[in-house]
Structures are given as C-alpha cells and as structure tokens.
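Counting starts at 1 for both ligands and their atoms, following the listed order. Predicted, not measured: the structure shown is a model, and the values here were computed from it. Scope of the values below: all heavy atoms of this structure, side chains included, with no hydrogens, waters or symmetry mates.
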Amino acid sequence: MTASIGRVVVLLGAPGAGKGTQAQILSEKLGLAHVATGDLFRAAVRDETSLGVTAKGYMDRGELVPDAVTIEMLLERLAKPDAEKGILLDGFPRNTAQAEVLDKALADKGGRVDVAPYIEVPEADLVARLGGRWICRAAGHPYHEQTKPSITPGICDVDGSELYQRTDDQPATVQARLRQQLGALDLVVDFYRTKGVLKAVDGRRGIDLVTGDLLAALAPANG
Ligand SMILES: [Zn+2]
C-alpha cells in the first residue's frame with residue numbers, strides 16, 4: 001500500500017523556547033501524531049522492529065544512529081494509523097544534513113515538509129530562562145530567578161541556607177552550550193526559509209499567545 005503521506009510539520013525552536021510544550025498542544029489540537037526522535041528510538045528498540053535492532057546496535061556501541069536509520073524509523077512512523085492526518089516532528093531535523101535526507105525521503109514517497117513553524121526567542125531570553133536556576137546548600141531546594149525567586153535574594157525560604165548555582169546552570173555554561181545548538185538551528189531555519197515553508201512566531205510571550213500564532217501559521221489556508 002502506498003497511501004498518500006499525511007501532513008508533515010517540523011516544529012523548530014531552541015532549547016528553552018517551549019517547543020516540547022507547544023508540540024504537545026498542537027498535535028492534540030490538530031490531530032497530528034507528535035513524534036520526538038527520542039521516543040521513536042525507544043519505541044523501536046522496545047518493539048524490537050528490525051530498525052530498532054539496528055539502532056540498538058549503534059547505541060550499544062556508543063555510536064550515533066545514522067540519519068538514514070532515523071529517517072526509516074520516521075517513515076515507518078508515518079505509516080501508522082494515528083499518523084493518518086500527519087505528524088509533527090519535534091527535535092528533528094537537528095542539522096541541514098538531516099533536513100536534506102528527510103526532504104529526499106519524503107519526496108520519494110510523494111510527500112514534503114508542509115510547514116516549519118519556528119518559535120523564535122532571542123538568545124538573551126533563552127539564557128535567562130535556561131540559566132536562572134539556583135538551589136540551596138542545605139537541601140537542594142530549587143529556585144528560579146524569573147519563575148520562582150526566593151523571598152530574600154540568595155537565601156532559601158525553607159531553611160535559610162545560602163543559594164548557589166551549579167556549574168551547569170551558570171550563565172557562561174548555559175550560553176556556551178546554547179551557542180553550539182543555535183548554530184545548527186540557524187542553518188536548519190535558513191534551509192526551510194529557502195524552501196518557502198518557514199513560519200516564524202514570536203516566542204517571547206505567554207504559552208497561549210504563542211499557541212494561537214502557531215495555529216494560525218498551521219491553518220490550511222496558510223499552508
Ligand atoms: Zn533549602
């Protein structure tokens with residue numbers, strides 16, 4: 001059976017942009033299967049599909065699963081009943097090489113990426129979101145500069161101990177890690193912009209407003 005491929009939506013956004021949250025909301029509202037590649041690997045390995053066995057071999061050897069194998073898994077996922085209306089990809093492609101392989105694989109099946117909504121958040125905001133975590137020395141009680149500040153700056157509300165930032169949560173570490181990821185993301189964004197399917201939305205606002213813009217970007221009349 002070569003049934004026609006449903007809609008393929010590639011949701012793009014940096015870590016901290018709210019992509020996972022929006023992916024869940026959008027897939028529910030639009031009846032698209034939410035496909036995060038990590039889940040895809042886990043399901044294929046669990047079900048011991050031939051691709052799952054292949055992928056597990058790479059993972060067991062500590063190697064990256066080749067893009068071609070990941071793409072085959074995606075195509076298998078596309079053929080499942082719950083993906084009849086289409087899929088929403090979350091976390092793939094991560095780089096332009098993967099984007100090109102995906103494009104070609106879909107074209108072979110008579111499909112294409114319909115739309116690539118991009119949740120755009122400036123780097124400084126991402127660093128603030130990802131890097132504002134503090135914990136207390138006594139018990140590790142968590143705080144966040146923006147979303148959950150302590151009553152007295154630098155002091156735990158619960159036990160009065162000093163708050164500190166783990167190396168992983170310090171702005172310099174967060175920024176360095178983010179820079180690497182943003183470099184690849186920018187190229188993927190350019191790739192889809194060139195293809196004419198990119199729809200950027202302003203991700204600095206509340207979840208509901210961002211969802212509204214994403215739904216508008218995904219409306220069929222717009223696609
Ligand atoms: Zn504490």
To the nearest 10 degrees, calculate the angle at the Zn ion (ligand 1) involving SG of C156 and SG of C136. 120°

Does the shortest distance from the Zn ion (ligand 1) to an N/O/S atom of D159 fall below 2.8 Å? yes

Would you please name every residue forming a side-chain contact (heavy atoms from CB on, under 4.5 Å) with E28, sequence neighbours left out? none

Has I207 got more than 12 heavy atoms of other residues, nucleotides or ligands less than 6.0 Å from its CD1? no

Would you indicate whether K85, at its atom NZ, is surrounded by more than 12 heavy atoms from other residues, nucleotides or ligands within a distance under 6.0 Å? no

min-distance N/O/S atom, H141 vs the Zn ion (ligand 1), resolves to ND1

Taken to the nearest 0.5 Å, the spacing of H144 NE2 from S150 OG works out to 13.0 Å

